[in-house]
Amino acid sequence: MLAGKIVTIGEILVEIMATTTGNGFLEPQPLVGPFPSGAPAIFIDQVGKLGHPAAIVSAVGDDDFGTLNLERLRRDGVDVSAVAVHAGAATGSAFVRYRPDGGRAFVYNMRDSAAGRIAATPEAEAVLAEAGHLHIMGSGLPVPAVADMILKTLPGLKARGGTVSFDPNIRREMLRDGSKAIFHTVLAATDLFLPSGEELSLFSGEGDEDKAVAGLLATGVREIVLKRGARGASHFSQEGRTDMPGFAVTEIDPTGAGDCFGATFLVARRFGKPVAEALRYANAAGAHTVTMQGPMEGSAGFIELDRFMAQTRSL
Ligand code: ATP
Ligand code: MG
C-alpha cells in the first residue's frame with residue numbers, strides 16, 4: 001500500500017429530498033432527510049469505508065446538520081480534525097427534487113453557510129502537510145480559500161512523492177469565469193483524472209474522445225478514468241485502454257455515484273490492485289450507491305462490494 005492519507009478539501013452538506021417528482025419547491029410537499037452529503041464528503045466517506053486512511057478539510061456549523069455529518073464520517077474512519085465547527089453558523093444544505101424529465105432542481109445554502117467559510121486553519125495545514133494523496137473536487141475550485149490551499153499544498157506534496165486525483169465535477173458555464181486558469185493548473189498536476197461525460201473534452205476543447213485522451217496523456221496525466229453512468233467506465237494510460245461494463249441495477253438515486261466510484265478506483269489502485277480489478281470494484285461501488293436513497297447511504301467496504309459483485313449481473 002502507498003503511504004499517507006488520502007485528503008480532500010470541500011463542502012460538507014446535508015441533503016433533503018422531495019419524495020415526489022416535480023418542478024422545484026414552490027409549494028409545500030413531502031421531504032425526506034437530512035442525509036449527510038457534499039461531493040467531497042461522499043468521496044472521503046467511501047475512502048474510509050474501504051479501510052484507507054482518510055481526512056477532509058471542511059467546515060460545519062454547531063448544529064444537528066453538522067453533528068450528523070461528523071458522526072457519519074467518524075464512524076466510517078475519516079479523520080475530521082480539520083473540519084472547523086463554526087459557532088452560530090449553519091451547516092450547508094441542498095434541497096433536491098427530481099423533475100419529470102430526470103433533471104434535478106436544487107435550492108442550495110452553501111456560500112452563506114459554514115461551507116462558505118472553509119479556511120486554512122492550523123488543523124487544515126497539519127492534515128495537508130502529511131497527506132500522501134490529494135483529491136481535488138472541481139466544484140470547490142471557484143472558492144478562493146479552497147483554491148489557495150490546493151495551490152499551496154501541491155508543490156510539497158509532489159516533492160515528497162505524493163499524488164493527485166481530480167474530479168472536475170463542473171458544467172461548462174463554470175469554466176467561463178476567472179476560474180479557468182486554476183482548472184488548468186490543477187490538471188497539470190493531476191496523476192489520475194476522473195471526468196464524466198463531456199468533462200473529458202472541456203479542457204482540451206477536443207470533441208473526439210480518443211484525441212481528448214491523447215492530448216491529456218501527452219500533458220502528463222498518468223491515468224484517465226472516464227465514467228459512463230450505467231454503461232460503466234473506461235481507463236486510459238500510456239499502456240492502453242481498458243473498458244469495463246457497469247452492473248445491472250435499478251437506479252433509485254444517482255447522487256454520489258461518481259464520488260464513490262472515484263474513491264473506490266483510487267483506493268483499489270493504492271492497495272495494488274490491477275486496473276481491470278480496480279475498475280470492477282469502482283463500477284460496483286457506483287452501482288451500489290445508486291440503489292440507495294441518500295448520497296452516502298450506499299457507500300460500501302470491500303467485503304460488501306465482493307458480495308454485491310457476486311450477486312449482480314454485468315450489463
Ligand atoms: P455524479 O452524478 O455523482 O457526479 P458522475 O457523473 O461523476 O456522477 P456517473 O458516470 O454518473 O458519474 O457514475 C459513476 C459510476 O457509477 C459509473 O461509471 C458507474 O460505474 C456507476 N453508475 C452510475 N449510474 C449507474 C446506474 N444507473 N447503473 C449502474 N451503475 C451506475
Ligand atoms: Mg452523472
Side-chain angles (χ1 to χ4, degrees), residues 8 10-11 13 15 17 35-47 49-50 94 96-99 102-106 108 135-141 165-172 174 190 192-203 209 223-236 241-269 275-300 304-305 308-309 311-315:
T8 194
E11 72 276 9
L13 309 174
E15 189 155 312
M17 297 144 119
F35 292 105
S37 189
I42 300 163
F43 172 90
I44 209 68
D45 189 71
Q46 175 63 9
V47 172
K49 271 264 176 118
L50 292 169
V96 60
R97 189 179 196 190
Y98 284 90
R99 299 183 196 277
R104 283 179 275 189
F106 284 103
Y108 273 114
H135 178 71
I136 300 172
M137 200 61 88
S139 50
L141 287 179
S165 50
F166 177 35
D167 184 337
N169 216 350
I170 43 159
R171 290 168 311 254
R172 199 168 283 281
M174 284 171 68
T190 295
L192 168 62
F193 185 46
L194 294 156
S196 69
E198 68 156 12
E199 290 167 350
L200 176 67
S201 59
L202 272 185
F203 301 94
E209 191 176 296
E223 295 182 70
I224 301 167
V225 183
L226 180 61
K227 294 167 276 179
R228 301 184 192 274
R231 288 181 296 129
S234 302
H235 176 275
F236 306 88
R241 166 179 184 151
T242 310
D243 295 306
M244 197 58 71
F247 288 91
V249 294
T250 303
E251 186 176 291
I252 305 289
D253 176 9
T255 311
D259 304 316
C260 286
F261 175 100
T264 305
F265 183 81
L266 173 66
V267 168
R269 293 291 283 151
V275 166
E277 198 182 343
L279 279 178
R280 255 177 72 75
Y281 272 115
N283 278 339
H288 190 264
T289 301
V290 306
T291 63
M292 310 273 181
Q293 184 160 51
M296 238 185 247
E297 306 313 301
S299 62
E304 279 168 281
L305 291 179
F308 174 84
M309 292 191 296
Q311 291 169 351
T312 316
R313 188 171 58 82
S314 286
L315 282 169

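Whatever order the structure lists ligands and atoms in, that order sets their numbers, starting from 1.
The heavy-atom pair separating Met244 from Asn283 by the smallest distance is O-ND2, 3.3 Å. Of all heavy-atom pairs between Thr289 and Ala257, the closest is CG2-N, 3.9 Å. Across every non-hydrogen atom of Phe43 and Met137, the tightest pair is CB-CE, 4.1 Å.
In this structure, Arg104 does not pair ionically with Glu15, as no charged nitrogen and carboxylate oxygen lie closer than 4.0 Å.
Checking only distances, Asn283 does come within under 3.5 Å of ligand 1, N or O to N or O. Remark: ligand 1 and Val290 share no N or O pair separated by less than 3.5 Å (distance only, no angle test).
When non-hydrogen atoms are compared, ligand 1 lies under 4.0 Å from neither the backbone nor the side chain of Arg231. Heavy atoms of Ala287 found under 4.0 angstrom from ligand 1 belong to the backbone as well as the side chain. For Val249, every heavy-atom contact with ligand 1 shorter than 4.0 Å involves the side chain, none the backbone.
Taking all heavy atoms of Gly232, Gly286, Ala233, Ala39 into account, the minimum distance to atom 18 (O) of ligand 1 is reached by Gly232. Closest heavy-atom approach to atom 3 (O) of ligand 1 among the candidates Ser314, Ala284, Gly258: Gly258. Heavy-atom proximity to atom 5 (P) of ligand 1, evaluated over Pro168, Cys260, Ser196, is greatest for Ser196.
Near Arg228, meaning under 4.0 Å from any of its heavy atoms, are these atoms of ligand 1: 10 (O), 18 (O). For ligand 1, the atoms closer than 4.0 angstrom to any heavy atom of Glu251 are 24 (N), 26 (C), 27 (N). Close approach of ligand 1 to Phe247 is summarised as follows: ligand atoms under 4.0 Å from at least one heavy atom of the residue are 28 (N), 29 (C).
Test Met17, Met292, Glu297 against Asp253 for side chain to side chain contact (heavy atoms under 4.5 Å, CB included) and you get one pass: Met17.
Distance check: Asp259 CG to Met296 CE gives 9.0 Å after rounding to the nearest 0.5 Å. For the atom pair CZ (Phe247) and NE2 (His288), the distance works out to 11.5 Å, reported to the nearest 0.5 Å.
Contact annotation: Gly229 has at least one heavy atom less than 4.0 Å from an atom of ligand 1.
At distances below 3.5 Å, not a single donor-acceptor pair connects side-chain atoms of Glu223 with backbone N or O atoms of His235.
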